Amino acid sequence: MKDMKISLVQVGRLLGAGLIAVALAPAVWADEIHIKMLDKSDSGPLAFEPDFVQAKVGDTIVFEPTQTGGHSAVSLLVPTGAKAWSGAPDKETRVTLSTEGIYLYACAAHKMMGMVGVIQVGKPVNLEAATKAAKGESLRFVLNKDRFDKELAQIK
Ligand SMILES: [Cu+2]
């Protein structure tokens with residue numbers, strides 16, 4: 001009977017530890033990925049840095065208004081079931097990635113200047129649609145015409 005009592009206490013402890021582990025899991029495993037919005041970067045003028053990131057479902061992207069050049073982050077294409085977003089200029093914009101696939105985004109003010117970026121979450125399940133959309137957008141760019149191509153080439 002004494003052994004039984006001990007084992008119940010131990011079971012209780014294990015359950016408690018399990019519940020704590022479950023409660024902490026999102027905080028432990030979900031990452032924050034910071035992307036700067038810049039007037040100028042190594043990849044050329046008007047850029048997100050980094051302009052290609054790989055993330056996992058549950059991660060949060062934080063677009064930082066590093067230079068107050070009126071930059072923003074607005075989604076152009078998101079995987080089916082994912083939420084589109086539209087950040088205000090010169091404001092921090094947080095986007096939690098809840099769906100696997102490729103995300104294309106741009107700065108609303110400088111999209112035509114090729115201020116665009118790509119996020120890969122898990123497997124690139126919508127690669128074909130994303131490539132097609134990126135090609136269509138790139139045709140209208142007057143600057144950084146190959147930026148989407150360079151970003152999409154990094155998808156694995
Ligand atoms: Cu901009």
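Not measured: the values here are computed from a predicted model.
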Do T99 and L97 come close enough that some side-chain heavy atom pair is under 4.5 Å? no
Side-chain heavy atoms under 4.5 angstrom apart, residues restricted to Ile, Leu, Val, Met, Phe, Trp, Tyr: same cluster for M115 and Y103? yes
Sequence neighbours excluded, the answer for salt bridge (Lys or Arg N to Asp or Glu O under 4.0 Å) partners of E92 is R94
May I ask you to check whether over 12 heavy atoms, not counting those of K132, lie within 6.0 Å of atom NZ? no
Can you list the residues that meet the side-chain hydrogen bond (donor to acceptor under 3.5 Å, both in side chains) rule with T60, with sequence neighbours excluded? T96
Residue list, salt bridge (Lys or Arg N to Asp or Glu O under 4.0 Å) with K56, at least two apart or on another chain: D31, D59
Has E100 got a side-chain atom pairing as donor or acceptor with K123's backbone, closer than 3.5 angstrom? yes
Name the atoms and distances for all side-chain donor-acceptor pairs under 3.5 Å in residues 61-69, with sequence neighbours left out.
from: E64; atom 1: OE2; to: H34; atom 2: ND1; distance (Å): 2.4
from: T66; atom 1: OG1; to: E64; atom 2: O; distance (Å): 3.2
from: Q67; atom 1: OE1; to: D39; atom 2: N; distance (Å): 2.5

Linking I/L/V/M/F/W/Y whenever any side-chain heavy atoms sit under 4.5 Å apart, do V95 and V53 land together? yes
Please check: side-chain N/O of R147 versus main-chain N/O of D51, any donor-acceptor pairing under 3.5 Å? no
Interatomic distance, S138 atom OG to D146 atom CG [nearest 0.5 angstrom]: 8.5 Å
What pair of heavy atoms forms the shortest contact from L143 to P45, and how long is it? CD2-CG, 3.9 Å
Can you check whether I155 reaches I102 side chain to side chain, under 4.5 Å on heavy atoms? yes
Only pairs under 3.5 Å count here: list side-chain donor-acceptor contacts from residues 104-113, not counting sequence neighbours, and write none if there are none.
from: H110; atom 1: ND1; to: H71; atom 2: ND1; distance (Å): 3.1
from: K111; atom 1: NZ; to: E137; atom 2: OE1; distance (Å): 3.2

Minimal heavy-atom distance between S72 and G87, with the atoms involved, is CB-O, 3.5 Å
Could you please spell out the steps behind the side-chain contact (heavy atoms from CB on, under 4.5 Å) verdict for M37 and E49? CA-CA 7 Å; M37 304 191 278; E49 191 182 275; over 6 Å; no
On a heavy-atom basis, the closest approach of A134 and L152 is CB-CD1, 3.5 Å
Ignoring hydrogens and angles, tell me if any N or O in the side chain of N126 forms a donor-acceptor pair with the backbone of G101 under 3.5 Å. no
Linking I/L/V/M/F/W/Y whenever their side-chain heavy atoms sit closer than 4.5 Å, directly or via other members, would V57 and I35 fall into one cluster? yes
Closer than 3.5 angstrom, by distance alone: can the side chain of Q154 be matched with the main-chain N or O of F52 as a donor-acceptor pair? no
Show your working on side-chain contact (heavy atoms from CB on, under 4.5 Å) between V116 and F48 and close with a plain yes or no. CA-CA 7 Å; V116 296; F48 292 96; 5.5 Å; no
All N/O donor-acceptor pairs, side-chain side in residues 73-86, below 3.5 Å, sequence neighbours left out:
from: S75; atom 1: OG; to: W85; atom 2: N; distance (Å): 2.9
from: S75; atom 1: OG; to: W85; atom 2: O; distance (Å): 3.1
from: W85; atom 1: NE1; to: A73; atom 2: O; distance (Å): 3.2

